[in-house]
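Heads up, the thing below is written out as structure tokens.
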There are 2 protein chains.
Amino acid sequence: MTPMKEDYLKIIFELGGSHKKVSNKDISLGLGIAAGSVTEMVSKLADEQLVVHEPYAGISLTPKGEKYAAELVRKHRLWETFLVDKLHYNFADVHQEAEVLEHQTSDRLATALDNFLQHPKACPHGGVIPSASGEFPEVSRVLLADAKDGEKVTLERFLDNHELLTYLEELQLRPGDEVTVVRHEPFEGPLVIKKAGADQPINVSYKASHNIFIRADK
Amino acid sequence: MTPMKEDYLKIIFELGGSHKKVSNKDISLGLGIAAGSVTEMVSKLADEQLVVHEPYAGISLTPKGEKYAAELVRKHRLWETFLVDKLHYNFADVHQEAEVLEHQTSDRLATALDNFLQHPKACPHGGVIPSASGEFPEVSRVLLADAKDGEKVTLERFLDNHELLTYLEELQLRPGDEVTVVRHEPFEGPLVIKKAGADQPINVSYKASHNIFIRADK
DNA sequence: CAAAAAAATTAGGTTAGCCAAAGATCACAT
DNA sequence: ATGTGATCTTTGGCTAACCTAATTTTTTTG
């Protein structure tokens with residue numbers, strides 16, 4: 001298995017290849033690689049039973065490919081956790097470092113890291129860390145944008161995007177924070193929220209509010 | 001700069017390329033790569049001003065190449081320290097992990113690791129960790145292969161290669177051992193040596209004898 | 001429903017790095 | 001001082017991934 005093959009598996013996974021067929025084009029755009037090269041690589045992955053490729057129809061992961069991808073996500077998120085918790089990186093900067101480290105991480109190293117970090121359940125931006133066997137629980141797909149005014153919710157997960165994370169860092173918002181939704185400004189205006197215990201309200205941009213997943217508080 | 005180029009720089013550095021000319025053959029044996037491939041890669045490194053190559057005479061590092069190599073050694077040894085001190089790896093197993101991680105370690109990450117480890121001076125095997133600016137101490141760069149028959153020497157340092165270390169462990173050779181060179185068998189045959197106080201001679205493979213550094217006994 | 005557009009595949013070519021084997025050079029021992 | 005073995009370079013060929021361009025298939029649209 002090469003780092004490039006791993007990148008293909010990961011992007012197919014992220015595009016939803018575990019439950020549906022993913023297009024050549026989306027892989028090509030996601031990796032920045034020419035469509036012809038994608039076809040070529042996909043057929044190699046198919047030879048290795050990691051994906052199923054129906055020509056002109058799409059590409060999906062086999063259970064084996066899905067497990068492999070989940071392990072990569074696990075390694076990625078363990079490194080992110082390490083960088084933030086132990087090396088005091090700020091959480092917007094960890095993605096790039098983890099992106100390269102994940103490919104060089106043996107299962108043994110991942111296990112040792114997991115122990116060292118005391119079995120974290122989620123990475124710094126809230127992504128659930130799959131188990132060593134490649135299982136991962138269901139995650140919330142409810143957007144902050146869809147919360148009702150007055151509702152009290154917990155921020156669960158942010159999309160892994162550097163710009164977004166930098167923005168949220170500035171707003172001092174983190175996964176796990178409890179917030180109350182004050183109101184939705186009209187015309188794609190910001191969402192006004194209040195952190196539990198804080199006096200000042202916070203304006204979260206319309207776009208960001210569509211990139212944050214929440215869990216409703218009991 | 002690719003991982004392979006980095007490996008070439010590192011082995012040239014370890015073979016003493018900062019102060020003398022290193023042979024194609026020693027690089028070839030150290031990396032397990034055919035001599036012809038070494039010539040090819042060395043000429044690329046020479047184009048990048050990282051080494052000086054005098055055909056048929058030898059290869060040495062430029063100041064630029066030396067600094068680069070020292071930074072790699074630094075990253076390698078920081079990872080080894082981390083693996084042993086924080087993840088509780090045992091000595092024998094850290095080489096492989098560090099070997100791959102070092103190539104994916106940004107300067108920023110190295111600095112953060114160094115802080116986290118509280119500025120260790122040496123790796124778990126006693127190798128001094130170069131400073132961030134690429135300074136490093138003197139060590140022996142005389143090969144066991146170059147010892148004369150009848151000479152009595154002390155084994156000082158083994159190249160950081162898991163297969164080699166496993167092999168030497170089987171032969172019960174360790175750094176610090178005093179040995180007498182009995183003879184060099186022809187046609188790349190083994191080097192026959194005797195440990196101080198032992199009766200049985202030991203055959204050290206031709207290849208291994210090019211991966212062991214010695215200090216002449218006074 | 002046929003033509004145009006979009007998407008996917010195939011074909012031919014490039015580069016990095018590897019190898020084996022042939023040929024060139026060096027160095028030591030007679 | 002020369003021949004032989006050791007070392008080094010050169011040559012030709014391989015594979016993994018990449019690219020662009022041409023072709024084929026599918027989808028959209030007039």
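Proteins get letters first, then strands, A, B, ... in listed order; numbering begins at 1 in each. Treat the numbers as computed from the prediction; the structure is a model and nothing was measured.
One can place CG of B:N24 at 14 Å from C1' of C:dC18, the figure rounded to the nearest angstrom. For the pair B:D146 CG and C:dA27 P, the computed distance is 15 Å after rounding to whole Å. Rounded to whole angstrom, the span from the CD atom of B:E54 across to the P atom of C:dC26 amounts to 12 Å. B:K148 has its NZ atom 10 Å from the P atom of C:dC28, to the nearest Å. Atom-to-atom, CG of B:D7 to P of C:dA16 comes out at 18 Å; the value is rounded to the nearest Å. Straight-line distance from the CD1 atom of A:I27 to the P atom of C:dA7: 14 Å, rounded to whole Å. One interatomic measurement links the two molecules: NZ of B:K25 to C1' of D:dT9, which rounds to 14 Å at whole-angstrom precision. Between B:Y56 atom OH and C:dT25 atom P the separation is 6 Å, expressed in whole Å.
The side chain to side chain donor-acceptor pair (under 3.5 Å) test with A:E102 singles out one residue from A:K10, A:K75, A:R77, and that residue is A:K10. For the pairing with A:V38, the side-chain contact (heavy atoms from CB on, under 4.5 Å) check across A:L31, A:L29, A:I33 returns one residue only, A:I33.
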* Test ring pair (Phe, Tyr, Trp, His ring centres under 6.0 Å) on A:H76 and A:H95 and set out the steps. => CA-CA 8 Å; A:H76 182 96; A:H95 184 74; 4.8 Å; yes
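For A:H53 and C:dT9, the shortest distance from a side-chain N or O to OP1 or OP2 is below 4.0 Å.
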Could you list the protein-to-nucleotides 10-19 of chain D atom pairs, N/O on both sides, closer than 3.5 Å?
from	atom 1	to	atom 2	distance (Å)
D:dA17	OP1	A:T2	OG1	2.7
D:dC18	OP2	A:Y8	OH	3.1
D:dC18	N4	A:E40	OE1	3.2
D:dC18	N4	A:E40	OE2	3.4
D:dC19	OP2	A:A34	N	2.9
D:dC19	OP2	A:S37	OG	2.9

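Atom NZ of B:K207 is surrounded by 12 or fewer heavy atoms from other residues, nucleotides or ligands within 6.0 Å.
Taking the six-membered ring for Trp and the full ring otherwise, the centers of A:Y89 and A:F82 sit at least 6.0 Å from each other.
The side-chain tip of B:K86 points at the ring of B:F116 from less than 6.0 angstrom away and within 45° of straight on.
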